[in-house]
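Okay, structure first, notes after.
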Amino acid sequence: MYQAAESSSWGGGNYHNIATRRSASSSSSSDPLERVVRLASGSAVVIFSMSTCCMCHAVKRLFCGMGVHPTVYELDQDPKGKEMERALSRLLGNSPGVPVVFIGGKLIGAMDRVMASHINGTLVPLLKEAGALWL
């Protein structure tokens, strides 16, 4: 499962306030899309989320239920989260910005694409290929 940096009712995993996870290159990169790409490639499964979004909660539960420990970035808890949400929306063709899932650094999409992949059996192979699932 994922967990909040400070505290959470969830166990295990990587749960980040984007603002608390900065690298040396983040200060030089002010482009929200660049930041999204950099963060998305940092872990096997990355979810861009809003802490109050029910669909975000559902996708996080899906992965945790499968034994996958996603890295979660809560955009509503980041000062530049709105800009990143707009960048994610553009990546998805101007559809709602969250949740957005990346597996192995590749954009999977929003909840509908994740669920379609889960139902048609292509999600597990993607997770295995990314090293997020071993069975």
Looking at every non-hydrogen atom in both residues, tell me the closest pair between [X] and [Y] and how far apart they are.
X	Y	answer
Met50	Glu85	CE-OE1, 3.0 Å
Ser117	Asn120	O-OD1, 3.0 Å
Val36	Phe102	CG1-CZ, 4.0 Å
Ser49	Cys56	OG-CB, 3.1 Å

- Query: In chain order, what residues pass the ring-ring contact (aromatic ring centres under 6.0 Å, His included) check against Phe63, with sequence neighbours excluded?
  - Reply: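 Expected list: none.
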
What's the separation between atom [atom1] in [X] and atom [atom2] in [Y], rounded to the nearest 0.5 Å?
X	Y	atom1	atom2	value
Met84	Leu91	CE	CG	10.5 Å
Cys53	Lys60	SG	NZ	8.0 Å
His57	Ile47	NE2	CD1	11.5 Å

- Message: Run the side chain to side chain donor-acceptor pair (under 3.5 Å) test against Ser89 and tell me which residues pass, sequence neighbours left out.
- Response: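 Partners of Ser89 under the side chain to side chain donor-acceptor pair (under 3.5 Å) test: none.
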
- Message: Under the criterion side-chain contact (heavy atoms from CB on, under 4.5 Å), I'd like the reasoning laid out for Ile103 against Glu129: C-alpha separation, chi angles, the key distance, then a yes or no.
- Response: CA-CA 9 Å; Ile103 298 176; Glu129 184 180 319; over 6 Å; no

- Query: Going through the distances and angles, do Arg86 and Glu83 end up as a salt bridge (charged side-chain N to carboxylate O under 4.0 Å, His left out)?
  - Reply: CA-CA 5 Å; Arg86 283 191 291 273; Glu83 296 168 17; 5.2 Å; no

- Which residue, Val114, Val45, Thr122, forms the side-chain contact (heavy atoms from CB on, under 4.5 Å) with Ile108?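 Answer after filtering Val114, Val45, Thr122: Val114.
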
- Item | Test applied, side-chain contact (heavy atoms from CB on, under 4.5 Å); reference residue, Leu123; option that passes from His118, Lys128, Met115 | His118

- Can Leu92 and Arg113 be said to form a side-chain contact (heavy atoms from CB on, under 4.5 Å), step by step? CA-CA 11 Å; Leu92 296 173; Arg113 296 289 305 273; over 6 Å; no

- Task: List the steps, then state whether side-chain contact (heavy atoms from CB on, under 4.5 Å) holds for Tyr73 with Asp78.
- Result: CA-CA 9 Å; Tyr73 295 103; Asp78 183 86; over 6 Å; no

- Message: Take a 6.0 Å sphere around CE of Met55 and say whether it holds more than 12 heavy atoms from other residues, nucleotides or ligands.
- Response: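 Incorrect, the count does not exceed 12.
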
- Item | Stepwise side-chain contact (heavy atoms from CB on, under 4.5 Å) check, Asp76 with Val98 | CA-CA 11 Å; Asp76 57 334; Val98 292; over 6 Å; no

